[in-house]
Protein chains: 2
Amino acid sequence: MARSMHVRRPATLASLAAELGVSRTTVSNAYNRPDQLSPELRRRVLDTARRLGYPGPDPVARSLRTRKAGAVGLLLTENLSYAFRDPAAIGFLEGLALACEDAGTGLLLVPANPEREDVASVHRAGVDGFVVYSVPDDDPHLAAVLERPVPTVVCDQPDMGTVDRVGIDDKGAMYGLAQHLISLGHRRVGVICMRLARDRNDGFVTPERQHAAHFHVQRNRLSGLAEAFSEAGVDWSRIPVVERFDHNIASGESAAAQVLDADPQITALICCSDILALGAMQEAARRGLRVPHDLTITGFDGIREAEQAGLTTVRQPVLEKGRAAGKLLLDTNERARPRSVNLSTELIIGKTSAAPRGASEERWFGP
Amino acid sequence: MARSMHVRRPATLASLAAELGVSRTTVSNAYNRPDQLSPELRRRVLDTARRLGYPGPDPVARSLRTRKAGAVGLLLTENLSYAFRDPAAIGFLEGLALACEDAGTGLLLVPANPEREDVASVHRAGVDGFVVYSVPDDDPHLAAVLERPVPTVVCDQPDMGTVDRVGIDDKGAMYGLAQHLISLGHRRVGVICMRLARDRNDGFVTPERQHAAHFHVQRNRLSGLAEAFSEAGVDWSRIPVVERFDHNIASGESAAAQVLDADPQITALICCSDILALGAMQEAARRGLRVPHDLTITGFDGIREAEQAGLTTVRQPVLEKGRAAGKLLLDTNERARPRSVNLSTELIIGKTSAAPRGASEERWFGP
DNA sequence: AATTGGTTCTGAACCGTTACGGTCACTTCA
DNA sequence: TGAAGTGACCGTAACGGTTCAGAACCAATT
């Protein structure tokens with residue numbers, strides 16, 4: 001066999017064409033447009049490719065030429081692995097993955113460590129579009145994404161006016177939950193929320209910080225609460241609101257402890273997520289507080305674990321949110337951009353909310 | 001302002017260089033090698049870039065030139081979204097994501113619908129390497145990955161001799177579990193396993209099919225069982241083994257029903273995954289069988305839900321598996337390839353296994 | 001005055017492919 | 001018989017960067 005053994009460089013489409021004595025176009029067509037050349041030649045091309053160890057057209061070179069990467073990027077601005085620990089994030093991912101596989105598109109998880117301000121990963125991502133999921137509105141990664149000349153859809157973010165958006169009415173949903181509690185008779189409540197900004201502030205939250213929160217979702221949920229309770233005659237500035245940077249059960253526990261220590265008289269603990277609420281339940285149990293008899297606890301999200309626990313919460317369609325984001329991004333119909341999609345939520349009244357212990361029911365019917 | 005408004009095409013590095021009257025090299029250096037040009041010029045470049053709306057070097061073009069994509073591909077050969085529904089897969093993903101973010105690398109989820117034989121997604125993926133997680137050994141997507149000239153690590157797959165591998169000793173682990181059951185006195189058992197090949201076969205499995213199973217993991221777990229029970233004098237070919245294509249609780253329920261209908265006398269139900277075992281628990285409850293008094297049930301994986309249920313199972317370090325796979329892939333030290341990593345497992349004896357009801361303990365100590 | 005060294009910038013080659021607009025030989029049909 | 005059509009293949013020009021070996025310049029040293 002005269003097969004040259006000095007082939008250090010792997011075969012390319014050009015070298016294959018040279019070997020065959022045909023043009024590069026023809027080799028390209030053998031892979032991409034079988035109808036553009038005779039079956040015999042095509043077979044000959046493919047056989048020679050195998051013989052030379054040519055693995056087929058290089059995906060990156062193809063992407064450069066066709067201006068298509070065949071993938072969408074997902075920006076989470078959390079340690080990437082966080083996405084796999086939070087049930088709501090997992091649901092979102094599943095929905096997004098669903099939309100991607102329908103379109104035959106890849107899904108690139110972009111590493112965006114919130115600690116370092118390293119935006120290079122966003123610049124390096126070879127994608128046809130971005131989905132940005134619940135990052136602070138002042139996040140440099142978000143800014144970097146918006147500078148990229150590709151379609152983007154933001155999720156659980158404020159409407160930017162320039163890119164598609166998917167979300168829910170966080171404020172309205174929380175307002176509804178608050179009204180439920182108010183109608184039960186709760187006036188003296190405590191609140192536990194997730195991180196409000198990029199800086200860690202594990203403790204009480206001033207009204208200013210609530211207002212200036214960089215996480216759209218948290219800001220709106222708090223604002224819904226504030227509005228409802230203010231309308232009910234409660235001085236919102238006196239309500240203890242505790243923030244936790246890390247989002248896990250332990251945070252819910254310690255935050256609940258902090259609120260209950262600050263005001264043992266509260267009758268309800270409103271949590272901005274189910275995870276935090278589940279933690280609060282544990283702290284309540286530790287203190288011997290019976291839920292809902294001694295203390296009402298509510299969550300937000302409607303994750304499975306919450307359902308099992310019978311938690312009073314707001315269910316939001318996390319999977320649908322992911323799917324909607326994917327569909328919006330992959331829908332080539334550019335006309336109507338930017339679009340804004342609001343998904344509906346549902347108030348789930350579980351076994352963790354009831355009238356406060358001392359409350360007389362009649363009080364709400366009297367003059 | 002003389003700013004030309006007929007800029008249809010977005011700015012490129014070349015157009016920016018032309019506008020500035022410098023070479024392309026200089027513009028490139030402004031982004032990639034700040035020390036290679038004077039600070040003033042660099043600022044001028046960056047300012048002009050902003051003015052022209054130049055978003056920085058195109059990632060795809062850069063990848064083509066540098067031969068680095070900054071991402072690794074993950075092949076699952078399951079509907080992509082499945083990865084987010086199976087706790088073990090989620091754990092693996094988390095570990096892999098951990099390794100990726102440590103390296104600042106993206107993680108591309110490659111869509112590989114098992115239904116269609118469409119391998120194009122593998123060809124299109126612009127990645128520096130692949131992780132292949134638990135696909136059948138005859139999967140065309142796997143073959144396509146192996147043809148790509150990039151490093152690959154397979155997980156829960158047979159050792160291919162040519163690429164890195166991460167896994168556990170499935171056979172040994174299951175052998176150990178079987179010995180536990182044998183020592184308790186179980187001889188008449190039933191088995192529930194996950195899909196053994198790409199074709200759907202929801203029902204009993206012949207010994208041939210067990211042997212020829214295309215899923216390495218399942219094949220080895222069954223083989224570990226067969227070996228242990230054969231050694232204990234049990235005719236393995238008479239043991240009912242039921243297969244389910246879909247991996248979820250409902251499959252576990254229906255499979256358990258099928259086994260129990262076939263042989264109501266079995267004293268233990270060995271499931272090849274915790275998910276299936278949890279389903280079997282539900283079916284047992286439905287039939288009024290008390291676990292472990294009337295029926296022993298075991299799982300495999302050691303997911304959190306199993307722990308909560310007190311399931312007897314084999315715990316495997318799913319997160320570590322993902323992390324190891326990522327580390328192997330991202331470790332540039334090419335020398336020692338291919339490498340093979342076996343992680344250790346742990347037999348968890350929970351509350352779902354006990355001696356069979358009729359068994360007299362003494363029997364195992366007599367002559 | 002010649003050499004050395006350092007900084008700043010350039011020219012040209014190269015990465016591997018596909019899009020576009022042909023050419024050319026060979027039917028087909030009036 | 002000539003015009004029009006068809007199938008098979010090709011040449012060229014991008015696509016948007018990075019890289020490396022120098023060139024040009026200036027200051028400091030021999």
Side-chain angles (χ1 to χ4, degrees), chain A residues 7-45 48-49 52-70 120 123-128 148-150, chain B residues 7-45 48-49 52-70 120 123-128 148-150:
Chain A
V7 207
R8 276 288 140 271
R9 317 274 305 237
T12 71
L13 188 143
S15 67
L16 185 51
E19 173 87 12
L20 281 158
V22 301
S23 81
R24 301 206 296 280
T25 303
T26 300
V27 178
S28 175
N29 283 338
Y31 285 95
N32 305 315
R33 294 184 169 80
D35 57 312
Q36 294 292 303
L37 72 174
S38 63
E40 314 93 83
L41 180 55
R42 182 169 132 91
R43 178 155 307 281
R44 204 154 66 83
V45 171
T48 310
L52 261 49
Y54 175 64
D58 181 283
V60 176
R62 168 184 286 166
S63 282
L64 173 59
R65 184 64 243 231
T66 60
R67 315 294 314 161
K68 292 242 157 299
H123 289 143
R124 252 207 313 264
V127 295
D128 299 323
R148 291 274 308 258
V150 293
Chain B
V7 208
R8 275 288 141 270
R9 316 272 307 233
T12 71
L13 186 142
S15 69
L16 184 51
E19 172 87 12
L20 281 158
V22 302
S23 78
R24 304 210 302 284
T25 303
T26 299
V27 178
S28 176
N29 284 337
Y31 285 95
N32 305 315
R33 293 182 169 79
D35 57 312
Q36 293 294 304
L37 72 173
S38 63
E40 315 89 85
L41 180 54
R42 181 169 134 92
R43 177 153 310 281
R44 203 154 66 84
V45 171
T48 309
L52 262 49
Y54 176 64
D58 181 284
V60 176
R62 167 183 290 172
S63 282
L64 174 59
R65 182 66 238 234
T66 60
R67 313 297 313 167
K68 291 241 159 298
H123 288 143
R124 252 205 314 262
V127 296
D128 299 323
R148 290 275 307 261
V150 294

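What's counted below: heavy atoms across the whole structure, side chains too, no hydrogens, waters or symmetry copies. Chain naming here is simple, since letters A, B, ... match the order of the sequence lines and numbering starts at 1 in each.
Going from atom CG of B:Asp35 over to atom P of C:dT7 covers 10 Å, rounded to whole Å. To the nearest angstrom, C1' of D:dT18 lies 9 Å from CG of B:Leu13. Rounded to a whole Å, the OH atom of B:Tyr31 is 19 Å from the C1' atom of D:dT19. Taking atom NZ on A:Lys68 and atom P on C:dA19, their separation rounds to 11 Å, with Å as the unit. Taking atom CD of A:Gln36 as the reference point, atom P of D:dC10 lies 13 Å away to the nearest angstrom. The nearest whole Å value for the distance from the NE2 atom in B:His123 to the P atom in C:dG16 is 17 Å. Separating the CG atom of A:Leu37 from the P atom of C:dT23 is a distance of 21 Å, rounded to the nearest angstrom. In this structure, the CZ atom of B:Arg44 is 15 Å from the P atom of C:dT8, given to the nearest Å.
Inter-residue side-chain proximity for B:Asp58 and A:Arg67 is flagged as met; some heavy-atom pair is nearer than 4.5 Å. Using a 4.5 Å heavy-atom threshold, the side chains of A:Val150 and A:Asp128 count as separate.
Here the OG1 atom belonging to B:Thr25 is positioned 11.0 Å from the CG atom belonging to B:Asn32, to the nearest 0.5 angstrom. One finds the OG1 atom of A:Thr26 at 13.0 Å from the CZ atom of A:Arg42 (value rounded to the nearest 0.5 Å). Between atom CZ of residue A:Arg24 and atom OG of residue A:Ser15 there is a gap of 11.0 Å, rounded to the nearest 0.5 Å. We find the OG1-CD distance between B:Thr48 and B:Glu19 to be 7.0 Å, quoted to the nearest 0.5 Å. Atoms CG and OG, from A:Leu37 and A:Ser28 in turn, are 10.0 Å apart once rounded to the nearest 0.5 Å.
Regarding contacts with the backbone of D:dG16, every side-chain N or O of B:Thr12 stays at 4.0 angstrom or more from both OP1 and OP2. Remark: B:Ser28 is in phosphate contact with D:dT18, judged by side-chain N or O atoms under 4.0 Å from OP1 or OP2.
Contacts with DNA chain C (heavy atom under 4.0 Å) in residues 54-67 of chain B: B:Leu64, B:Arg65, B:Arg67, listed by number.
Below the 3.5 angstrom threshold, one finds a donor paired with an acceptor across the side chain of B:Arg24 and the base of D:dG17.
Of the possible polar contacts, one joining the A:Thr66 side chain to the A:Arg62 backbone as a donor-acceptor pair under 3.5 Å is found.
Summarising the geometry of B:Ala49 relative to B:Tyr31, their closest heavy-atom pair is CB-OH, 3.2 Å, with the distance given to 0.1 Å.
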Inset, instruction - Give the B/S/- string for nucleotides 20-25 of chain D, one per nucleotide from 5' to 3', where a protein heavy atom under 4.0 Å of the base yields B, of only the sugar-phosphate yields S, and otherwise -. - result: B-----
